[in-house]
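Worksheet: one structure, shown below.
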Amino acid sequence: MLQRNSDTPTTIGSYWEASIQAPRQDRQLMGNALFDVAIIGAGFAGLSAALKLAQDGVSTCVLEAEQVGFGASGRNGGFCCLGGTKLDERTLIRKFGLEEARKFVAYQLAGVNLVEERLNLWNADVDRHSTGEIFLAHRPRDVASLQDDAGFLKENFGIKTRLLSKDDLEKNGFGGPEFYGGMHFPYGFALNPMKYVHALADQVRQSGGKIFGKSQVSGVTRDGDRWRLETEHGFVRVRKVVLAGNGYAREDAPRWLQGRTLPVMSSIQVTRPLSEQELSAQNWTSDIMAADTRILLHYFRLLPDRRFLFGTRGGIFESPKSLANMRKRARADFERMFPAWARIEPEFSWHGNVCLARDLTPFVGEIPHMEGVYSVMGWHGSGIAMASISGEKVAGLITGKIRQQDLPAVVSSPLRRFPLATLRKLYLQGAYWWYGWQDR
């Protein structure tokens with residue numbers, strides 16, 4: 001039975017949080033401890049690294065500021081798909097070359113496959129559905145762009161997509177006044193991200209890894225031949241450190257992080273279960289996860305219990321006024337795009353941080369001039385698959401099973417500081433206004 005916002009206090013207010021029963025609360029770190037590796041952040045990336053290290057016999061702890069699933073791993077839309085960068089494939093080819101772009105696409109596909117293999121191995125019920133993802137042209141002129149993309153992907157990456165006309169969309173249950181055509185991408189699936197991240201945490205515990213909740217790291221300093229990580233009620237000393245906080249990372253732990261990431265918000269709302277009559281009225285009956293072709297995209301899907309999830313990009317500031325305006329814009333977009341459901345209010349609504357990097361690519365690797373400290377973050381709103389595989393890869397770097405050159409060049413460039421970093425949210429606001437104009 002779901003717990004609703006009005007019944008019990010919650011930390012997120014999400015549908016995902018309400019869908020799980022009494023999640024485990026890991027104890028706080030009290031006193032001092034010694035491990036081989038400490039990981040900051042109990043999300044997909046941090047827990048994936050911890051699991052692989054623990055399975056390899058490495059003494060590992062995870063230090064989480066709140067509890068498992070509090071950050072983006074428990075707040076996102078549940079799209080296990082390709083992504084991790086804001087650069088499209090053409091730009092990747094221009095910047096890194098065709099072979100490296102292909103290597104990165106293969107890396108993303110391996111991430112999707114890894115999550116699927118885990119869920120099958122663990123027999124984890126995470127409400128999986130959707131065969132691939134569909135991208136919907138929100139303007140007539142975007143149909144030609146999708147057609148061009150389909151040919152480009154097939155020619156350069158061997159990816160066969162399926163194009164759908166407006167009539168095809170109507171026939172296949174993708175009804176909406178702003179959808180003029182679509183491209184079905186055959187890879188990926190949808191899931192309940194909170195159920196997945198808790199299943200992942202259970203595997204870490206069973207493999208011998210330690211997870212400490214309510215143990216925010218306030219400092220990372222050198223202490224002889226080890227690193228010392230300070231928390232409120234103690235510290236750990238370790239040989240290796242993994243930074244996996246993503247959009248929830250403290251910029252002063254360590255100070256190297258200052259100005260190198262830009263957390264921006266994504267908001268989600270979920271309706272009550274919709275009747276067959278209501279679904280038919282909008283003609284949205286497909287369970288395939290979807291996104292439109294806007295730069296500031298909308299993403300949405302019909303959940304297995306017939307609720308409808310609708311997400312938006314574009315929030316920057318987390319003040320009450322800014323959050324209210326973000327919710328208002330999201331609601332207006334929802335009513336315009338799905339007019340048959342305009343009177344159906346969301347039963348759950350929440351927001352979370354998406355982590356952007358200056359170069360719009362992730363960084364998976366050892367931080368320059370900080371021997372033994374590794375970064376695994378920067379997913380740009382598509383972290384389920386990318387964070388999962390990247391966590392495993394950073395564990396491989398730590399144990400020496402893989403080398404940095406074994407990873408795609410796209411994920412191997414250290415995060416650069418934003419220029420005028422203290423103002424980066426302000427100039428992003430200008431970029432968002434420009435993107436909004438382009439999306440019209």
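Numbers here are sequence positions counted from 1. Here the structure is a predicted model, which means the values were calculated and not measured.
Looking only at atom types and distance, the side chain of D36 has no donor-acceptor partner in the side chain of T60 under 3.5 Å away. Under 3.5 Å, the side chains of R307 and T271 contain no donor-acceptor pair of N or O atoms. Side chains of D148 and S145: no donor on one and acceptor on the other come within 3.5 Å. Side chains of S48 and E392: no donor on one and acceptor on the other come within 3.5 Å.
Contact check on E335 versus R331 returns a salt bridge, with a Lys/Arg side-chain nitrogen under 4.0 Å from an Asp/Glu carboxylate oxygen. Taking the charged nitrogens against the carboxylate oxygens, R250 and D252 do have a contact shorter than 4.0 Å, which makes a salt bridge. Using a cut-off of 4.0 Å between Lys/Arg side-chain N and Asp/Glu carboxylate O, R294 and E178 are scored as salt-bridged. Ion pair K210/D26 not flagged as a salt bridge, since none of the NZ, NE, NH1 or NH2 atoms sits closer than 4.0 Å to an Asp/Glu carboxylate oxygen. Ion pairing between a basic and an acidic side chain is recognised when a charged N comes within 4.0 Å of a carboxylate O; D359 and R416 show such pairing.
Judged purely by atom type and a 3.5 angstrom limit, Q206 has no side-chain atom pairing as donor or acceptor with the backbone of A201. Put simply, the side chain of E366 gets close to the backbone of G372: a donor and an acceptor are under 3.5 Å apart. With W227 contributing its side chain and E371 its backbone, the two residues share a donor-acceptor pair below 3.5 Å. Side-chain atoms of S207 do not come within 3.5 Å of backbone N or O of G209 as any donor-acceptor pair. Looking at R313, its side chain never comes within 3.5 Å of a backbone N or O of S267 through a donor-acceptor pair. When atom types are taken as modelled, the side chain of R102 and the backbone of N156 share a donor-acceptor pair closer than 3.5 angstrom. Distance alone, capped at 3.5 Å, places no donor-acceptor pair between the E278 side chain and the L274 backbone. With hydrogens and angles disregarded, a donor-acceptor distance shorter than 3.5 Å links the side chain of Q108 to the backbone of G83. Without hydrogens or angle criteria, D127 side chain to N192 main chain gives no donor-acceptor distance under 3.5 Å. Without hydrogens or angle criteria, K240 side chain to I398 main chain gives no donor-acceptor distance under 3.5 Å.
In this structure R417 satisfies the salt bridge (Lys or Arg N to Asp or Glu O under 4.0 Å) test with no other residue, sequence neighbours excluded.
Atom CG of L47 and atom OG of S73 lie 7.5 Å apart (nearest 0.5 Å). To the nearest 0.5 Å, atoms CZ (R272) and OH (Y15) are separated by 14.0 Å. For the atom pair CZ of R260 and CZ of R358, the computed distance is 10.5 Å after rounding to the nearest 0.5 Å. The OG atom of S165 sits 3.0 Å away from the CG atom of D168 when rounded to the nearest 0.5 Å. Taken to the nearest 0.5 Å, the CG atom of L297 stands 8.0 Å off from the OG atom of S266. Note that NE2 of H380 is 10.0 Å distant from OG of S382, once rounded to the nearest 0.5 Å.
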(message) For a ring-ring contact (aromatic ring centres under 6.0 Å, His included) check, start with the C-alpha distance between F189 and F79, then their side-chain angles and the critical distance, and finish with the verdict.
(response) CA-CA 6 Å; F189 55 91; F79 286 47; over 10 Å; no

(request) Determine, step by step, whether D287 and R128 satisfy the salt bridge (charged side-chain N to carboxylate O under 4.0 Å, His left out) criterion, reporting the C-alpha distance in whole Å, the side-chain angles of both residues, the deciding distance to 0.1 Å, and the verdict. (result) CA-CA 10 Å; D287 73 345; R128 270 188 285 181; over 6 Å; no

(request) List the steps and the verdict of side-chain contact (heavy atoms from CB on, under 4.5 Å) for L415 and T261. (result) CA-CA 8 Å; L415 301 174; T261 64; 4.0 Å; yes

(message) Show, in sequence, the C-alpha distance, side-chain angles and deciding distance for E64 and F212, and conclude whether the side-chain contact (heavy atoms from CB on, under 4.5 Å) test is met.
(response) CA-CA 6 Å; E64 165 58 42; F212 296 102; over 6 Å; no

(message) One pair to check against side chain to side chain donor-acceptor pair (under 3.5 Å): D142 and T293. What are the steps and the verdict?
(response) CA-CA 7 Å; D142 291 328; T293 50; 3.2 Å; yes

(request) Please report the C-alpha distance between R141 and Y180 in whole Å, then the side-chain angles of each, then the deciding distance to 0.1 Å, and finally whether the side chain to side chain donor-acceptor pair (under 3.5 Å) criterion is met. (result) CA-CA 9 Å; R141 67 175 182 266; Y180 296 92; over 6 Å; no

(request) Could you check Y187 against L82 for side-chain contact (heavy atoms from CB on, under 4.5 Å), going step by step and ending with a plain yes or no? (result) CA-CA 8 Å; Y187 304 106; L82 275 65; 4.1 Å; yes

(message) Working note: K195 + I20, criterion side-chain contact (heavy atoms from CB on, under 4.5 Å); need CA distance, chi angles, decisive distance, verdict.
(response) CA-CA 7 Å; K195 290 184 177 180; I20 59 175; 3.6 Å; yes

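Heavy atoms only, all atoms of each residue included: L53 and A395 are closest at CG-CB, 3.7 Å. The two atoms that bring L229 and A38 nearest to each other are CD2-CB, 3.8 Å, heavy atoms only. Heavy-atom minimum distance, L163 versus L146: CD2-O, 3.8 Å. Between M194 and V68, the closest heavy-atom pair is SD-O, 4.5 Å. The two residues F348 and A18 come nearest to each other via the heavy atoms CE2-CB, 3.7 Å. Pairing each heavy atom of N246 with each of C355, the nearest pair is OD1-CB, 3.4 Å.
In this structure, M386 and V411 have side chains that are in contact, with non-hydrogen atoms separated by less than 4.5 Å. Within the 4.5 Å cutoff, the side chain of K401 has heavy atoms near those of the D56 side chain. For the pair W341/L279, a side-chain contact is recorded, criterion being any heavy-atom separation below 4.5 Å from C-beta on. Using a 4.5 Å heavy-atom threshold, the side chains of R75 and Y248 count as touching. Counting heavy atoms from C-beta outward, P193 and W16 have side chains that approach closer than 4.5 Å. No side-chain heavy atom of V241 sits under 4.5 Å from any side-chain heavy atom of Y374. Here the side chains of Q282 and M337 are not in contact, with every heavy-atom distance at 4.5 Å or above. Using a 4.5 Å heavy-atom cutoff, the side chains of P177 and F338 are not in contact.
A ring-ring contact (aromatic ring centres under 6.0 Å, His included) with F334 is found for one member of W284, F310, Y299, F300 and no other, namely F310. Applying the side-chain contact (heavy atoms from CB on, under 4.5 Å) test between L164 and each of E170, K171, M183, H184 identifies H184 as the sole match.
More than 12 heavy-atom neighbours from other residues, nucleotides or ligands sit within 6.0 angstrom of CD on Q404. Atom CG of N120 sits in a crowded spot, with more than 12 heavy atoms from other residues, nucleotides or ligands closer than 6.0 Å.
Residue pairs satisfying the ring pair (Phe, Tyr, Trp, His ring centres under 6.0 Å) criterion with at least one member in residues 96-155, sequence neighbours excluded, are absent.
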